[in-house]
Amino acid sequence: VWDVLTSPESVPKRLGCINYEGREGHTFHMQPDAARREAGDIEGATHCDIEETITPELFRFSWYMPGTAKTMVTIRLAPLGDSRTRATLTHSGWDQFAPEVVKTFHSALANGWKTLVLPNLKTACEAARP
């Protein structure tokens with residue numbers, strides 16, 4: 001699960017990002033526009049700095065647009081036995097913004113983490129299983 005979660009081969013496919021290297025201190029970009037992503041264009045992309053990795057249990061990166069405060073995405077892995085792992089994703093730091101400014105955006109983003117990112121991680125891990 002750790003390799004699928006953090007590898008330079010897997011992450012760009014699952015998160016739609018460019019410039020990903022998987023090492024602390026590196027900045028990568030989540031580019032929702034497929035044509036821009038293909039061209040390596042970061043205009044309109046979310047910037048993400050890899051803040052902390054603790055193999056094989058924690059992957060933390062910032063999430064922000066230039067000129068705005070950083071929020072933090074933390075993914076924790078916990079073995080459950082029987083070749084099972086629990087992935088818990090927390091996106092924190094929203095208290096820096098006025099609720100009325102980010103409410104709709106936050107809800108849409110939380111839905112994306114829950115309905116796209118975590119299920120895509122699960123699917124990728126199942127496909128990688130020997």
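Note that the coordinates shown come from a computational prediction; the quantities given were computed from them, not determined experimentally. Quick note: residue numbers are just sequence positions, from 1.
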How far apart are the closest heavy atoms of [X] and [Y], and which atoms are they?
X   : Y   : value
C17 : R37 : N-CD, 4.0 Å
K13 : E9  : CE-O, 3.4 Å
G44 : P32 : O-CD, 4.2 Å
I42 : Q31 : C-NE2, 3.8 Å
T71 : S92 : CB-O, 3.2 Å
S7  : P12 : O-CD, 4.2 Å

Let me check something: do [X] and [Y] share a hydrophobic cluster, defined by ILVMFWY side-chain heavy atoms less than 4.5 Å apart, either directly or through other members?
X    : Y    : answer
M30  : L118 : yes
F105 : V73  : yes
I18  : Y20  : no
L80  : V1   : no
L89  : L121 : yes

### Message
For a quick check under 3.5 Å, do T27 and H47 share a side-chain donor-acceptor pair by atom type?
### Response
no
### Query
Strictly by modelled atom types, are W63 and H91 linked by a side-chain donor-acceptor pair under 3.5 Å?
no
### Task
Determine, stepwise, if the pair T46 / M65 fulfils side-chain contact (heavy atoms from CB on, under 4.5 Å).
CA-CA 5 Å; T46 303; M65 297 299 283; 3.9 Å; yes
With side chains defined as the heavy atoms from C-beta onward, is the minimum distance between [X] and [Y] less than 4.5 Å?
X    : Y   : value
L77  : P56 : no
I50  : R23 : no
W113 : I75 : no
M72  : S62 : yes
R14  : L5  : yes

### Task
Go through the steps to decide whether T85 and W2 satisfy the test side-chain contact (heavy atoms from CB on, under 4.5 Å), and finish with yes or no.
CA-CA 10 Å; T85 301; W2 179 257; over 6 Å; no
Whether the side chain of [X] engages the backbone of [Y] through a donor-acceptor N/O pair (distance < 3.5 Å, no angle test) should be reported.
X   : Y   : result
D41 : E43 : yes
E57 : I54 : no
T68 : Y64 : no
D33 : A35 : yes

### Task
Any chance you could measure K70, atom NZ, to C48, atom SG, to the nearest 0.5 Å?
10.0 Å
### Message
Show, in sequence, the C-alpha distance, side-chain angles and deciding distance for T53 and F61, and conclude whether the side-chain contact (heavy atoms from CB on, under 4.5 Å) test is met.
### Response
CA-CA 9 Å; T53 58; F61 59 91; over 6 Å; no
### Task
Count the heavy atoms of every other residue, nucleotide or ligand shown that sit under 6.0 Å from CD of E38, and state whether that count exceeds 12.
no
